[in-house]
There are 2 protein chains.
Amino acid sequence: MNTDSTPPDNDFGQNADESAYAQLRSMLASGILQPGAWLREKTLAERIGVSRTPIREALNRLAAEGLVEISRNKGAQVVSFTAGDIADLYDVRAGFEPHAALLSVPRLTEEDVERLGLLAQQMEDAVQAGRHSELSALNGAFHGIFVEQCGNRHLSIALRAILRPTMVAHTFMSYTPEELKRSMQHHAELVAAAKARDGEWAEAVMRVHILAAKNAVVTANSNP
Amino acid sequence: MNTDSTPPDNDFGQNADESAYAQLRSMLASGILQPGAWLREKTLAERIGVSRTPIREALNRLAAEGLVEISRNKGAQVVSFTAGDIADLYDVRAGFEPHAALLSVPRLTEEDVERLGLLAQQMEDAVQAGRHSELSALNGAFHGIFVEQCGNRHLSIALRAILRPTMVAHTFMSYTPEELKRSMQHHAELVAAAKARDGEWAEAVMRVHILAAKNAVVTANSNP
DNA sequence: CACCTTAATATTGCATACAACCACAATTTC
DNA sequence: GAAATTGTGGTTGTATGCAATATTAAGGTG
């Protein structure tokens, strides 16, 4: 029943539900859907090639995750953060993400470390090639590894909630070349700390990384 | 279309959607739905007096909030935490929640403080009357005030995610009378600190409160 | 008797139809 | 001419039907 207009655009998942969620999320991360933009159920359904039902489920999920906002009978729109919101975001991350790094690094598997290295490299490549819109998703995956492996289920949940908004804030867009370079160096150093299985080192680097990021974003937004 | 079997059981919200969510959540908080229990869409739909659609939306929302777990093609069940999970939960709360108290207390309105006092009183009354099943919801509302008013949107979101599981863990059930009394005293002292608009005091009491709660829950689960 | 196969049943996944609602514009009324 | 009102197009909210999948039970086979 969905084989008419387009061959199901491209399949992120096998189920309509997962597919809708994955594609919407990817659109949010890449910036195709700008903050404040309306997300019309019918439009999205046609674009993704499923009915409105899985779209609604995906939107609800994204709303629960804080990536979109739903107004009753009006629809969903991409969240848009104020500069203050984003500063707050980094405050919370500075408080808790280093701790997650401390906990997770000794627990990382070989594959985790390998994946961290790969992601860091991919971000580096994206910067070189000027494909900055890819950075949000890659960075989310990178930090996600520390968050997921910290061994405290609830800390993971809380940090996941904190990390997700960065995906739609497109913070990298406002970095200067120098700040970008510094951020990439931090990633490389986090990989090194992970390779060395040195949790304290990772914790320290993570704190530096986040405070530097906060500065980059705050200064960019305060003097336009 | 729902006026046949029962006069809509009792209306928590005006919309089917909100109503389903509110009622399910209330059932979870009160313990009517035990951890591990299956949540059948059809059964719930009939019980609440709406169709399966709003039930599904509510279940998805609850799943995103971590109160139920959905297995594809199998259905949803109430989350059940291990003793270790619950200990982890209190570790995270001990880290985050005192800070939220510090931030929120100076920002509380008169009504907020009044409401805190009322909730503390209601919990006291519930303890006296032995209606322990009501405590989870009341306690969630009490702590929720500090969380919501902390002024940092993202800290609120993260703490909301942390606070919710306590609602289904029914931790008060395992408190000794002495521990219950102590917990109630902490609540009263939090109200006092809020009245005095002393954030640091509230922060300190909150830390005490959570660490004591952790001890109560951990010792109860470790020697059965 | 144990084990595999197969049929029946229950439950979820998804699509679709219709109703309720909102926003905005054209029209009427003062 | 301004304000209130009604109409209309579009969007979301909810119910329902059918298809797909999992679970259970029964039956057959080694």
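To find a chain, count down the sequence lines: A is the first, B the second, and so on, and within it residues start at 1. Values below: all heavy atoms of this structure, side chains included; hydrogens, waters and symmetry mates excluded.
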NA contact type, [X], heavy-atom cut-off 4.0 Å: base, sugar-phosphate, or nothing?
X       : value
A:Arg56 : base
A:Leu39 : sugar-phosphate
A:Arg40 : sugar-phosphate
A:Arg72 : sugar-phosphate

Handout entry: Centroid-centroid under 6.0 Å between A:Phe81 and B:His154 rings
Key =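 Ring centres of B:His154 and A:Phe81 closer than 6.0 Å.
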
Nearest whole Å is fine: how far is [N] [atom2] from [X] [atom1]?
X       : N      : atom1 : atom2 : answer
A:Asn15 : C:dG13 : CG    : C1'   : 9 Å
A:Arg52 : C:dG13 : CZ    : P     : 19 Å
B:Lys42 : D:dT16 : NZ    : C1'   : 13 Å
A:Asn73 : C:dA23 : CG    : C1'   : 12 Å
A:Asp17 : D:dA20 : CG    : P     : 17 Å
B:Glu41 : D:dT21 : CD    : C1'   : 13 Å
B:Glu46 : D:dT16 : CD    : C1'   : 14 Å
A:Ile48 : C:dA15 : CD1   : C1'   : 16 Å

Problem - Of B:Glu124, B:His143, B:Gln122, the residue whose pairing with B:Leu138 passes side-chain contact (heavy atoms from CB on, under 4.5 Å) - result: B:Gln122

Problem - D:dT21 OP1/OP2 closer than 4.0 Å to side-chain N/O of B:Lys74 - result: no

Exercise for the section: Would you please confirm or rule out a distance under 4.0 Å between OP1 or OP2 of D:dT14 and any side-chain N or O of B:Thr53? Expected result: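 No, outside the criterion.
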
Practice task
Select one nucleotide: of C:dC14, C:dT12, D:dT14, the one nearest the side-chain heavy atoms of B:Ala16.
Solution key: D:dT14

Practice task
Would you mind telling me which of D:dG13, D:dT21, C:dC14 lies closest to the side-chain atoms of A:Pro54?
Solution key: C:dC14

Practice task
Go through the steps for B:Gln121 and B:His187 under the test side-chain contact (heavy atoms from CB on, under 4.5 Å), then give the verdict.
Solution key: CA-CA 9 Å; B:Gln121 187 58 51; B:His187 287 154; over 6 Å; no

Handout entry: Ionic contact status for B:Arg160 with B:Glu148, cut-off 4.0 Å
Key =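 Between B:Arg160 and B:Glu148 there is a salt bridge, with a charged N closer than 4.0 Å to a carboxylate O.
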
Exercise for the section: Would you indicate whether the side-chain heavy atoms of A:Leu180 and A:His132 approach each other to under 4.5 Å? Expected result: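 In short, these two side chains touch, coming nearer than 4.5 Å.
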
